[in-house]
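Below is one structure, written out as structure tokens; the observations come after it.
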Amino acid sequence: MDFDLSDELVAAQELARDFAEKEIGPTAAKDDKEHTFRRDLVSKMGELGFYGCVIPESYGGNGLGFLALALITEEIARVHSAMRVFMNMQVGPALTLLRFGSEELKKRWIPPLIRGESVGCFAITEPDAGSDVAAMRTTAVRDGDSYTLNGSKIWISNAPVADSALIYAVTDRSQKHRGISAFYADLHQPGVSRRALDALGVHASPLGELTFENFRVPAENLIGKEGEGFKICMWQLNQTRLSCAAGALGVARAAKEAAVSYAN
Ligand SMILES: Cc1cc2nc3c(=O)[nH]c(=O)nc-3n(C[C@H](O)[C@H](O)[C@H](O)COP(=O)(O)OP(=O)(O)OC[C@H]3O[C@@H](n4cnc5c(N)ncnc54)[C@H](O)[C@@H]3O)c2cc1C
């Protein structure tokens, strides 16, 4: 079996390493200390095509594949772990839309997500629904040509800064996990409030709470069918775990390099 990377993958890896060392590295410690959200870097990563690896060219991606995505994520995390979170926040929603969204949703949201123009996020977790996703309480009630969302999501990466969100909410409580649905929503609409939260680390990755109070989401923004949200959520988490693992590898490499450098 040949484990060598193709020339194309080596080029993607080198581009990401060069970008991370030259553009992210010099201010990484300062950005972390000052809790700075680097929207400029998020955009540049989009311009360089980093979010487009698992998206076909027809939606603005480059189709390089999951290995390219993992290699790029590893290089970013090696220099600044917080910056790799954006790989997940842009790619996770885009990939979920690609797999389950209507053609209109794909055309509307995937290109701005992977270009880094619309800062994305995904909102699953609630104060009483972490590992147990099916315990979520946020509701989405169909009302004419829209759904009205009410509830609160917590520990959401990018909540303080996101332009759009992949949101999971209960449309039919009696169906338990089969009563959860997925939506894609523009967060710059009435009914959304945000609260920033602090974490122990990765301070340049904004974290927070999203609260929905009679937040109206157009019915056509439903992803898949009503009741398919739990299945979509589990699928999405499987995709984003790869990026988390690649990020952990990047951090481990950085730690090893620092230790070797210190020892010498
Ligand atoms: C930095 C950060 C970023 C995050 N970003 C996002 C985001 O972008 N979007 C989002 O939706 N969420 C996000 N989260 C939330 C994250 O997904 C949840 O923290 C996670 O799902 C765990 O939920 P919890 O914290 O409520 O822990 P709990 O579910 O309460 O789990 C606590 C502990 O109990 C264990 N446990 C739970 N259930 C069982 C069981 N049945 N049997 C045995 N052990 C069990 C768990 O393994 C864990 O060790 C983020 C969290 C952090 C810290």
Side-chain angles (χ1 to χ4, degrees), residues 28 31-33 35-39 42 45 51 69 73 76-77 80-97 100 109 113 116 118-140 149-170 176-177 180-187 192-212 215 217 223 228-248 250-251:
D31 292 339
D32 182 69
K33 194 171 173 201
H35 295 220
T36 309
F37 165 53
R38 293 295 304 272
R39 184 160 190 144
V42 172
M45 284 160 64
Y51 310 129
L69 177 69
T73 305
I76 304 283
H80 192 178
S81 179
M83 290 308 298
R84 78 101 200 135
V85 176
F86 299 105
M87 295 294 290
N88 249 0
M89 296 306 127
Q90 301 303 111
V91 179
L95 194 56
T96 307
L97 285 166
F100 298 100
W109 290 107
L113 279 167
S118 176
V119 173
C121 71
F122 52 86
I124 308 165
T125 307
E126 298 183 3
D128 293 314
S131 310
D132 186 7
V133 171
M136 71 172 59
R137 292 181 183 166
T138 294
T139 53
L149 271 63
N150 280 288
S152 200
K153 300 287 181 179
I154 198 166
W155 307 119
I156 307 304
S157 300
N158 277 355
V161 298
D163 299 303
S164 58
L166 170 55
I167 303 170
Y168 294 90
V170 176
K176 300 190 176 154
H177 72 284
I180 293 172
S181 301
F183 301 87
Y184 207 78
D186 176 357
L187 291 181
V192 179
S193 56
R194 311 158 191 249
R195 187 168 71 95
L197 295 168
D198 208 358
L200 289 175
V202 289
H203 295 130
S205 162
L207 187 71
E209 209 173 314
L210 282 175
T211 299
F212 309 121
F215 174 40
V217 175
I223 302 173
E228 287 186 343
F230 187 82
K231 180 185 80 177
I232 294 172
C233 183
M234 294 303 118
W235 184 91
Q236 180 215 327
L237 290 174
N238 280 344
Q239 314 305 315
T240 45
R241 277 183 189 117
L242 178 70
S243 172
C244 291
V251 172

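Every number for a ligand or one of its atoms is a count from 1 in the order of the listing.
Considering only residues two or more places apart in sequence or on other chains, W235 meets the ring pair (Phe, Tyr, Trp, His ring centres under 6.0 Å) condition with F100. Residues meeting the ring pair (Phe, Tyr, Trp, His ring centres under 6.0 Å) test with Y168, sequence neighbours left out: none. Scored by the side-chain hydrogen bond (donor to acceptor under 3.5 Å, both in side chains) test, S205 finds no partners at all (sequence neighbours excluded).
The two residues I124 and C233 make their nearest non-hydrogen contact at CD1-SG, 3.6 Å.
Taking a heavy-atom cut-off of under 4.0 Å, ligand 1 is surrounded by M89, F122, A123, I124, T125, G130, S131, W155, I156, S157, L207.
With 3.5 Å as the limit, one finds no donor-acceptor pair spanning the side chains of T240 and N88.
Between F230 and H177, the angle of the ring planes goes over 60°, which puts this pair in the perpendicular group of the 30/60° scheme.
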